[in-house]
Amino acid sequence: MACFFIFKPLLPMLTINLLREKKEFVIERLKIKNFEAEDIIEKVLSLDTVRREVQVKTDSLQADMNRISKEIGTLMKDGKKEEAENARQKTFALKEEIRQLTEKLGPIDNELRTEIIKLPNLPHESVPVGHGADDNEVVRSGGLMPEISESALPHWDLIKKYDIIDFELGIKLTGAGFPVYKGKGAKLQRALITYFLDMGEKAGYNEVYPPIMVNEDSGFGTGQLPDKEGQMYHATLDNFYLVPTAEVPVTNIYRDVILNADQLPIKNIAYTPCFRREAGSWGAHVRGLNRLHQFDKVEIVRIAHPDNSYESLEEMVNHVEGLVASLGLPYRILRLCGGDMSFTSALTYDFEVWSAAQKRWLEVSSVSNFESFQANRLKCRFKEKGDKQTRLAHTLNGSALALPRIVAAILENNQNENGIKVPEVLVPYTGFETIN
RNA sequence: GGAGAAAUGGCAGAGUGGUCGAAUGCGGCGGUCUUGAAAACCGUUGAUCUGUUACCACGGAUCCGGGGGUUCGAAUCCCUCUUUCUCCGCCA
């Protein structure tokens, strides 16, 4: 496996502190993501100044208040009722002043918070400049392009021919984008999930099986809320969200947690179904398995020390590459450009496999380092042994792998006149070598 | 779903209006003793915000499930939400 560059994080985090000290730097960096940050940052900084002024004033008044209250306590004990009453009279004005200041503070805090969470994560220095998919950088590729006949079928025809995935039945039960896997199709799903989990376990990942509905706090922690509210299915009666990826519950395990440095890196792997509304993103190129509302995915999630989170990222990329390669699929790895990256990510590698009958690349994995962006929202921190201060951890995750497009590629690339050849590594899991 | 009880620091567990950030025990960390370890003994032990400060440090505010209220003063009283336990009902 080719050696990767190992990067270092640019700056600790996107916090108010950073904005105070490196405003210009942040503005410049966010331009890579085509994000105009200046107005927001100015607003944040001025709100922050006001906030601190008010806070300091309130604190000192509160200190006076506490002091007088204690005095009253002592006086009462000593039976000096009159003096106590005199002291009590003094508190009324103070109390009113504190009340007024506190009333001011609430809205300021709220506004500050809503402003600061509008800022996306800073892209890493290796992120290429660009606006869309065409500007992504191919890091490397592998696997052999399959030779299939001119009469080869796209997967949406193959699944009908062999009766392994039924979209119409899914429409009857639920709606478009909720397929029913049948017979060898169902078994192939199960085989892939188990295979991916087993490979993860071999690579030292700890398996977890989380809830597939999460609450608002969890949605916020990993950054799906508030901006991507419409992308998740929302069970409004209980205010739960169906997970769009296992990243959400698994990363949120570490919400409000202070870890010891020697516990890092934490390596978890989880299989969950994933639910995405994909509102407004349907079109001609999303036929068949290319885009679904419900699909299966195995996800790897790591909590890493900031000093070596990019080593973690490299390991994850290598792990995913191993999976794709073992299935015999032609693939390429892209480093996403600023314009194509997610709101939360600092550096993202996408994996694409070649789909022979569609003659196009399909994204099957996205591996990202979020540095301290999610950790800051999650309050996921760690402490060095003997150290008093806590620091934000780094979070990373990647698909290893998402199933539907892998299935699409396997079906299309491995088809011949006898049926579809199951990749060798999966045969122990499926129990059959051919879908026919 | 109904009725009752409870929620305190890493854990266990005191504390029912005043110097309580919180007794005590365990655990953790540091030390004494020991060839080393254990035991014993001594000391120490959270988070967030903030001020002075280069750092160490020192000072202030907030935090006893979450939110709100009463009071000069709340872990302690009141309201509300959540969670847990017990009993009943229902159920895979």
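Just so it is clear, the structure is predicted and the values come from calculations on it, not from any experiment. In what follows, every chain begins at residue 1, and chains take the letters A, B, ... in the order their sequences are listed.
- Within the nucleic acid shown, R51(A) comes within 4.0 Å of sugar-phosphate atoms alone, with no base atom in reach, counting heavy atoms only.
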Identify each donor-acceptor pair in which a side-chain atom of residues 198-212 of chain A lies under 3.5 Å from a protein atom, sequence neighbours left out, and give them as a table.
{"unit_1": "D198(A)", "atom_1": "OD2", "unit_2": "Y429(A)", "atom_2": "OH", "d": "2.7"}
{"unit_1": "Y205(A)", "atom_1": "OH", "unit_2": "R302(A)", "atom_2": "NH1", "d": "3.1"}
{"unit_1": "N206(A)", "atom_1": "ND2", "unit_2": "N268(A)", "atom_2": "OD1", "d": "3.2"}

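- Taking H234(A) as the reference, Y241(A) meet the ring pair (Phe, Tyr, Trp, His ring centres under 6.0 Å) condition, with sequence neighbours excluded.
- Ion pairing between a basic and an acidic side chain is recognised when a charged N comes within 4.0 Å of a carboxylate O; K23(A) and E38(A) show no such pairing.
- For F382(A), the ring pair (Phe, Tyr, Trp, His ring centres under 6.0 Å) test picks out H305(A), with sequence neighbours left out.
- Counting 5' to 3', RNA chain B first comes under 4.0 angstrom of a heavy atom of chain A and last does so at the ends given by G18(B) to G73(B).
- U35(B) and U24(B) have their C1' atoms separated by 37 Å, given to the nearest Å.
- Here, G21(B) and U45(B) have their C1' atoms 13 Å apart, quoted to the whole Å.
- Using atom P as the reference point in both A12(B) and G1(B), the two lie 28 Å apart (nearest Å).
- Under the side chain to side chain contact (heavy atoms under 4.5 Å, CB included) test applied with P179(A), the options L173(A), D166(A), L292(A) reduce to a single match, L292(A).
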Show me the donor-acceptor pairs, under 3.5 Å and distance only, between side chains in residues 157-165 of chain A and residues at least two apart or in other chains.
{"unit_1": "D163(A)", "atom_1": "OD1", "unit_2": "K182(A)", "atom_2": "NZ", "d": "3.1"}

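- The separation of C29(B) from U19(B), taken at their P atoms, amounts to 34 Å, rounded to a whole angstrom.
- Looking at heavy-atom distances under 4.0 Å, M76(A) makes contact with a base.
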Note, RNA chain B 5' to 3' with Watson-Crick or G-U pairs under 3.5 Å encoded as ( ), [ ], | and . gives ((((((((.[[[..)..(.....]]]((((((.......))))))(((((((....))))))).[[[[[..)....]]]]])))))))....
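- Here Q62(A) pairs with M65(A), N66(A), I98(A) under the side-chain contact (heavy atoms from CB on, under 4.5 Å) rule; sequence neighbours left out.
- Checked against ring pair (Phe, Tyr, Trp, His ring centres under 6.0 Å), F167(A) has no partners two or more places apart in sequence or in another chain.
- The side chain to side chain contact (heavy atoms under 4.5 Å, CB included) test with T222(A) is passed by exactly one of R255(A), E247(A), R377(A): E247(A).
- Counting non-hydrogen atoms under 4.0 angstrom, T74(A) reaches a base of the nucleic acid.
- Taking the ring pair (Phe, Tyr, Trp, His ring centres under 6.0 Å) definition, one finds that Y254(A) meets it with nothing, sequence neighbours left out.
- Less than 4.0 Å separates RNA chain B from no heavy atom of any residue of residues 206-214 of chain A.
- With values rounded to the nearest 0.5 angstrom, R190(A) atom CZ is found 10.0 Å from T430(A) atom OG1.
- Checked against the 6.0 Å centroid criterion, the rings of H124(A) and Y310(A) qualify as a close aromatic pair.
- The P atoms of G31(B) and U83(B) are separated by 46 Å, rounded to the nearest whole Å.
- Residues from residues 81-94 of chain A lying near RNA chain B, meaning a heavy-atom separation below 4.0 Å, are R88(A), T91(A), F92(A) in numerical order.
- Screening residues 339-348 of chain A for side chain to side chain donor-acceptor pair (under 3.5 Å) gives N136(A)-D340(A), S342(A)-T344(A), S345(A)-T348(A), T348(A)-S368(A) as the qualifying pairs, with residues at least two apart or on separate chains.
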